[in-house]
Engineer: 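One structure, pasted below without further comment.
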Amino acid sequence: MAARTRPFHRVPRSAILIGDPTKAEVVVQRVKFPANYQIPPHTHPYAEVVTVLSGSIGFGMGEKLDKSGEMVSAGTLNVVPAKHAHFGWTGN
């Protein structure tokens with residue numbers, strides 16, 4: 001399955017604070033993912049910088065979700081260049 005352009009994931013708790021996620025501009029959003037959630041492979045027209053505020057999450061690059069990577073915890077910064085396929089997942 002090829003990665004799809006997804007500027008915004010439909011998750012239970014999220015808010016766009018700045019910008020329009022359908023455009024290549026600065027976007028600031030706050031997202032709270034539930035346990036055992038999978039973020040399918042996708043791209044954005046903008047670079048993505050994620051700061052983990054609490055809990056843990058796994059990040060990966062590519063067009064296939066592969067949860068073999070390491071889970072990271074609060075304080076971690078993850079950077080993805082614009083138009084690069086990436087994905088994520090949460091644990092329990």
Engineer: Between R30 and R13, does a side-chain contact (heavy atoms from CB on, under 4.5 Å) hold up when you go through it step by step?
Structural biologist: CA-CA 8 Å; R30 186 159 184 179; R13 297 183 69 182; over 6 Å; no
Engineer: If every non-hydrogen atom of P45 is compared with every non-hydrogen atom of A82, which pair is closest and at what distance?
Structural biologist: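 Taking every non-hydrogen atom into account, O-CB, 3.7 Å.
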Engineer: Quick one: side chain to side chain donor-acceptor pair (under 3.5 Å) partners of N78, sequence neighbours excluded?
Structural biologist: none
Engineer: Going by distance alone, is a donor N or O of one side chain under 3.5 Å from an acceptor N or O of the other, for H44 and H42?
Structural biologist: yes
Engineer: Using the salt bridge (charged side-chain N to carboxylate O under 4.0 Å, His left out) criterion, which residues pair with D20? Sequence neighbours excluded.
Structural biologist: K23
Engineer: Would you list the atom pairs, donor with acceptor, under 3.5 Å between side chains in residues 50-61 and any protein atom, with sequence neighbours excluded?
Structural biologist:
none

Engineer: What's in the same ILVMFWY side-chain cluster as V79, cut-off under 4.5 Å, chained through other members?
Structural biologist: V49, L77
Engineer: Verify side-chain contact (heavy atoms from CB on, under 4.5 Å) between V27 and Y46, making sure each step is shown before the conclusion.
Structural biologist: CA-CA 8 Å; V27 175; Y46 49 84; 4.0 Å; yes
Engineer: So which atom in P41 and which in G62 form the shortest heavy-atom distance, rounded to 0.1 Å?
Structural biologist: CB-O, 3.8 Å
Engineer: Grab the two heavy atoms, one from T43 and one from H86, that are nearest each other, plus how far apart they are.
Structural biologist: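 Distance-wise, the nearest heavy atoms are CA-CE1, 4.3 Å.
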Engineer: Other hydrophobic cluster members with M71, side-chain heavy atoms of Ile/Leu/Val/Met/Phe/Trp/Tyr under 4.5 Å, chained?
Structural biologist: L65, F87, W89
Engineer: Between atom NZ of K32 and atom OG of S14, what is the distance when rounded to the nearest 0.5 Å?
Structural biologist: 12.5 Å
Engineer: Answer yes or no: is there a donor N or O on one side and an acceptor on the other, between the side chain of T90 and the main chain of Y37, under 3.5 Å?
Structural biologist: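 Between the backbone of Y37 and the side chain of T90 there is a qualifying donor-acceptor contact (under 3.5 Å).
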